[in-house]
Asks: 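One structure, as structure tokens, below. Some questions next.
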Amino acid sequence: MTQLVRDQFADLIKEGLKAAQERGELPKFELPTIVIESSRQPEHGDYASPICLRLAQEARMSPREIATRVAAHLPPAPFVGQVEIAGPGYINLTLATSWLASQVERILEAGDSFGQLDLGRGRSVQVEFVSANPTGPITIASTRNAVIGDTLANILTAAGFQVEREYYVNDAGSQVRKFGESLYARYLQALGQDAPFPKDGYQGEYVTDMGQEIAQQEGRRYIEMERADAVRALGREGIARVITWVRRDLLALGVEFDTWFHEKHLHESGLFDRALQMLRDRGYITEREDAVWFTSPDLDADAVLIRSPQVIPEPDERPTYLASDVAYVWNKLVERGFDRAIYIWGADHHGDVPRLKAVARALGLDPERAVIILYQMVNLKRGEQDVRMSKRAGEFVTLRELLDEVGADPIRFMLLTCTVDSTLDFDLDLAIEQSDKNPVYYVQYAHARIASMLRYATDLEWDAEAPGDVSLLTHKSELALIRKMLELEEVIATSATQLAPHHLTFYAKELATAFHAFYRDCRVVDAEQAALTQARLMLVRAAKTALARVLRLMGMTTPDRM
RNA sequence: GCCCCCGUAGCUCAAUUGGACAGAGCGUCGGACUUCGAAUCCGCAGGUUGCGCGUUCGAAUCGCGCCGGGGGCGCCA
């Protein structure tokens, strides 16, 4: 498992500080966290630490003076090329070129696992995402959810966490009944009956289609039941069918879940009753007029309703949404024992965050273990034109349609191009366009180009797999490419720490750029220079490894031809 | 009324969570293919980081107050 150079450099500085203190060259003080940043400008080397700027006050010395004394005591390390004191008192590190070149071998040895870190130290984390109502097709918003969740799961896995992907099937709410009623009406209509369609029912065409399909496949089976039984049975049946679509479409997007967790289970298993009792025992429950309320000092509101006499749920239904959350968070963090449970919610649910946190605390759990990621909405566009969607009228662009029109790779890349905190404009025209305006292909092109080069070399009877002398890799563009490849490890680390998947797209573009620059400057296959050719073929293969890794982290394909 | 997110180059977005001179892509204009993929590369131009105070060695980033856009606010999920 690799330790990041950044962290190793921090350790060196810490050693340098301690050594200087021991020799009395610096006054004694508590060592703060050593901040290491990547230099923005090449003149500042690869890494820079502003730590001496911060220490100046406490040490009552100029930052530059401190930096000089620290630098004098830095222990040696293979990656250290040059250390300089610069500006107001930064300690700048330039990596050793020989060490950089040697990293090519490390990358090739690591292969597909290049970038694997151990930040998680095996701790378990569940990522629960999408979890859209199983009463209709997946929409663009849920698609963003899917891409964020799945990519985050990939990142966390790469960072060394045990990750489980979960889809929470909301099959215990009143929406299920409403869906059953809508489907029942369509079913009757399909059989030629003049059935009234429920107010606020599901108007989408898919309900009509499904009603016809069921009428065709199952004939008069439901018409012969009691209405209430038929509605319930059709609700179940409809949900089962919708889940089949959802599973299929998400799979086509490259998203696969470990667990499909049914909300009903929380109630049927009696967990909700037990969780409610725990809250009661701990004094978080008040009852007035037969209604059950959750109260907590962590809440803005006085109380949140858990169960009401106005709503009498069926045995497998939930009393309120919060009721399920109570049981579910206990299930995640205690029964199944995940160290962390990550929830990915649309920002329209932000009001529920404090409630879930309050519930977790009330159950005696550390609320920090429940992490909620809120993402903003998606605006669908065609060029300048807004694509209007209305879920109520059943008009919306579904994941299925997006897959047919755009394809999985552009969907995934586009939905990762900005932070989850920003509303995202998804331009269908741009996503489809196979041109240089579309950044999706920029990255994949670099990968395909490498594959093509390796084919070319092989055709000329070079052994592309043969070991070479990496110390020949000294060109500025070669070293820049290696630096960029190594950055993948840091990108994984920061993305995992910040739970921010968008960094991958930016990194992927930069990596492709670094490769194209190398390609421009350095001829790889050259009969006149056999040794250099072998060394560069190694570099090219390493670049392919890194590109493939970041593409897979984003859930994209790695084409050898385009 | 209260809560959340956003406001950065003409457009779409970054900025390693407080660090050095705020960076990319697209768009504009100009340039590069008889040699490994031109879906590429190179160059030019483009900024009071919405506005105003404050915190400190240092602010796009933190705090307060405004302005503008989006979303939410008890039995929908």
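By convention in this document, chain letters (A, B, ...) are assigned in the order of the sequence lines, proteins followed by strands, and residues within each chain are numbered from 1. Note that this is a predicted model, so its numbers are computed, not measured.
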Asks: Could you pull out all residues at least two apart from Thr295(A) that satisfy side-chain hydrogen bond (donor to acceptor under 3.5 Å, both in side chains)?
Replies: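 Result, side-chain hydrogen bond (donor to acceptor under 3.5 Å, both in side chains) vs Thr295(A): none returned.
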Asks: What string of B, S and - do you get for nucleotides 18-32 of chain B 5' to 3' if you count protein non-hydrogen atoms under 4.0 Å?
Replies: -BBS----SS-----
Asks: I'd like to know whether the aromatic ring centres of Tyr167(A) and Phe261(A) sit less than 6.0 Å apart in this structure.
Replies: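 So the answer is no for these two rings.
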Asks: For Arg561(A) and for Leu424(A), locate the closest nucleotide of RNA chain B by heavy-atom distance; then report the residue assigned to the nucleotide nearer the 5' terminus.
Replies: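 Checking each residue's closest nucleotide, the 5'-ward one belongs to Leu424(A).
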Asks: Nearest whole Å is fine: how far is U12(B) P from His502(A) NE2?
Replies: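 To the nearest whole Å, that distance equals 17 Å.
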Asks: Toss me the dot-bracket line for RNA chain B: Watson-Crick and G-U wobble, both under 3.5 Å, 5' to 3', using | for pairs to another strand and [ ] for crossers.
Replies: (((((((..((((.....[...))))..((((.......))))......(((((..]....))))))))))))....
Asks: Return the value, rounded to whole Å, for the distance between atom CZ of Arg144(A) and atom P of C5(B).
Replies: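 After rounding, the reported distance stands at 15 Å.
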Asks: Kindly state each residue pair satisfying salt bridge (Lys or Arg N to Asp or Glu O under 4.0 Å) with at least one member in residues 414-423 of chain A, sequence neighbours excluded.
Replies: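 Pairs touching residues 414-423 of chain A that pass the test: none.
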Asks: Rounding to the closest angstrom, what is the interatomic distance between U16(B) and A60(B) at atom C1'?
Replies: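 To the nearest whole Å, 15 Å.
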Asks: Considering only heavy atoms from C-beta outward, does the side chain of Trp260(A) approach that of Val246(A) to under 4.5 Å?
Replies: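 Of all side-chain heavy-atom pairs linking Val246(A) with Trp260(A), at least one is under 4.5 Å.
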Asks: Is the shortest distance from a Lys or Arg side-chain nitrogen in Glu368(A) or Lys357(A) to a carboxylate oxygen in the other one below 4.0 Å?
Replies: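 Between Lys357(A) and Glu368(A) there is no salt bridge, as every charged N stays at least 4.0 Å from the carboxylate O atoms.
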Asks: Among Val387(A), Thr417(A), Leu380(A), exactly one meets side-chain contact (heavy atoms from CB on, under 4.5 Å) together with Phe426(A). Which residue is that?
Replies: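 For Phe426(A), the side-chain contact (heavy atoms from CB on, under 4.5 Å) check succeeds only for Leu380(A).
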Asks: At under 4.0 Å between heavy atoms, which parts of nucleotides 69-77 of chain B does protein reach? Answer with one letter per nucleotide, 5' to 3': B base, S sugar-phosphate only, - none.
Replies: -SBS-BBSB
Asks: Please report the distance separating the C1' of U40(B) from the corresponding atom of C33(B), rounded so that it comes out in whole Å.
Replies: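 It works out to 10 Å between them.
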Asks: Name the nucleic acid region contacted by Asp560(A), choosing base, sugar-phosphate or nothing; use a 4.0 angstrom heavy-atom cut-off, strictly under.
Replies: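 Counting heavy atoms under 4.0 Å across all strands, the contact made by Asp560(A) includes a base.
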Asks: Taking 4.0 angstrom as the limit, do Glu181(A) and Arg177(A) come out as a salt bridge?
Replies: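 No.
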Asks: Using the C1' atom as the point on both nucleotides, what is the distance between G50(B) and U56(B), in whole Å?
Replies: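 Straight-line distance between the two C1' atoms is 24 Å.
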Asks: Rounded to the nearest Å, what distance is computed from the CE atom of residue Met562(A) to the P atom of nucleotide A38(B)?
Replies: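 These atoms are roughly 13 Å apart.
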Asks: Taking side-chain hydrogen bond (donor to acceptor under 3.5 Å, both in side chains) as the definition, give me every residue that meets it alongside Asp425(A), ordered by chain and number, with sequence neighbours left out.
Replies: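 For Asp425(A) the side-chain hydrogen bond (donor to acceptor under 3.5 Å, both in side chains) partners, ignoring immediate neighbours, are Asn379(A).
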Asks: Both Arg6(A) and Arg455(A) contact RNA chain B. Which one's nearest nucleotide lies toward the 5' end?
Replies: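 Looking at RNA chain B, the more 5' nearest nucleotide goes with Arg6(A).
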Asks: Could you check how far CD of Glu490(A) sits from P of U17(B), rounded to whole Å?
Replies: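 Going from CD in Glu490(A) over to P in U17(B) covers 11 Å.
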Asks: Rounded to whole angstrom, note down the C1' distance from A14(B) over to G23(B).
Replies: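 So the two C1' atoms sit 7 Å from each other.
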Asks: Got a sec? Which of residues 446-454 of chain A come in under 4.0 Å of RNA chain B, heavy atoms?
Replies: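 Ala448(A), Arg449(A), Ser452(A), Met453(A) - these, ordered by number, are the residues of the stretch whose heavy atoms sit under 4.0 Å from the strand.
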Asks: Considering only the P atoms, how many Å lie between C26(B) and C64(B), rounded to the nearest integer?
Replies: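 Taking atom P in both C26(B) and C64(B), they lie 39 Å apart.
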Asks: Show me the pairs that pass salt bridge (Lys or Arg N to Asp or Glu O under 4.0 Å) and involve residues 32-55 of chain A, at least two apart or across chains.
Replies: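 Only Asp46(A)-Arg483(A) qualify under salt bridge (Lys or Arg N to Asp or Glu O under 4.0 Å).
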Asks: Remember a base hit wins even if backbone is also touched, and classify Arg520(A) as base, sugar-phosphate or nothing at under 4.0 Å, heavy atoms.
Replies: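 Since only primed, P, OP1 and OP2 atoms lie under 4.0 Å of Arg520(A), the category is sugar-phosphate.
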Asks: If only atom types and distance count, is the side chain of Glu478(A) paired as donor or acceptor with the main-chain N or O of His475(A) below 3.5 Å?
Replies: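 Answer holds: yes.
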Asks: Contact class for Tyr445(A) (heavy atom, under 4.0 Å): base, sugar-phosphate, or nothing?
Replies: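 Base, at least one base atom sits under 4.0 Å.
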Asks: Counting any heavy atom closer than 4.0 Å, what does Cys52(A) reach on the DNA or RNA strands: base, sugar-phosphate only, or nothing?
Replies: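 Cys52(A): no heavy atom of the nucleic acid under 4.0 Å.
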Asks: In whole Å, what separates the P atom of A20(B) from that of U61(B)?
Replies: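 That atom pair is separated by 13 Å.
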Asks: How would you label the contact of Tyr442(A) with the nucleic acid (heavy atoms, under 4.0 Å): base, sugar-phosphate, or nothing?
Replies: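 Result for Tyr442(A) = sugar-phosphate.
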Asks: Check each of Asp429(A), Asp386(A), Asp427(A) against Lys381(A) using the salt bridge (charged side-chain N to carboxylate O under 4.0 Å, His left out) test, and report the only one that passes.
Replies: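 Running salt bridge (charged side-chain N to carboxylate O under 4.0 Å, His left out) over Asp429(A), Asp386(A), Asp427(A) with Lys381(A) returns exactly one hit, Asp386(A).
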Asks: Please list every donor-acceptor pair under 3.5 Å in which a side-chain atom of residues 538-545 of chain A meets a protein atom from a residue at least two apart or in another chain.
Replies:
unit_1	atom_1	unit_2	atom_2	d
Arg541(A)	NH1	Ala464(A)	O	3.0
Thr545(A)	OG1	Arg541(A)	O	2.9

Asks: Return the value, rounded to whole Å, for the distance between atom CD1 of Ile373(A) and atom P of C4(B).
Replies: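 After rounding, the reported distance stands at 19 Å.
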Asks: What pairs with Tyr445(A) under side chain to side chain contact (heavy atoms under 4.5 Å, CB included), at least two apart in sequence or on another chain?
Replies: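 If we apply the side chain to side chain contact (heavy atoms under 4.5 Å, CB included) test to Tyr445(A), skipping adjacent residues, the hits are Arg449(A), His516(A), Met562(A).
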Asks: Provide, to the nearest angstrom, the distance between the CG atom belonging to Asp425(A) and the P atom belonging to C6(B).
Replies: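 Roughly 16 Å, once rounded to whole Å.
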Asks: Output the distance between atom CG (Leu473(A)) and atom CG (Leu532(A)), rounded to the nearest 0.5 Å.
Replies: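 Here the interatomic distance stands at 7.5 Å.
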Asks: Which way is the base of U17(B) turned, syn or anti, if we draw the line at 90° from 0?
Replies: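 Here the answer is syn: the torsion falls within 90° of 0.
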Asks: Write down the distance separating the C1' atoms in C4(B) and G54(B), rounded off to the nearest Å.
Replies: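 Result for the C1' pair: 24 Å, nearest Å.
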Asks: Which pairs count as side-chain hydrogen bond (donor to acceptor under 3.5 Å, both in side chains) when at least one residue sits in residues 491-511 of chain A, sequence neighbours excluded?
Replies: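 For residues 491-511 of chain A, and leaving out neighbouring residues, the side-chain hydrogen bond (donor to acceptor under 3.5 Å, both in side chains) pairs sorted by first residue read Lys484(A)-Glu510(A).
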Asks: Can you tell me how far P of C3(B) sits from CG of Leu299(A), to the nearest Å?
Replies: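 So the CG-P distance, Leu299(A) to C3(B), works out to 15 Å.
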Asks: In a table with atom names and distances, give each donor-acceptor pair under 3.5 Å that connects a side chain of residues 346-353 of chain A to protein atoms at least two apart or in another chain.
Replies:
unit_1	atom_1	unit_2	atom_2	d
His350(A)	ND1	Ala347(A)	O	3.4
Asp352(A)	OD1	Arg355(A)	NH1	3.4

Asks: Measure from CZ on Phe518(A) to P on G37(B) and round the result to the nearest Å.
Replies: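 From Phe518(A) CZ to G37(B) P: 13 Å.
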Asks: Considering only atom P, compute the distance from A32(B) to U49(B) and round it to an integer number of Å.
Replies: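 About 38 Å, rounded to a whole number of Å.
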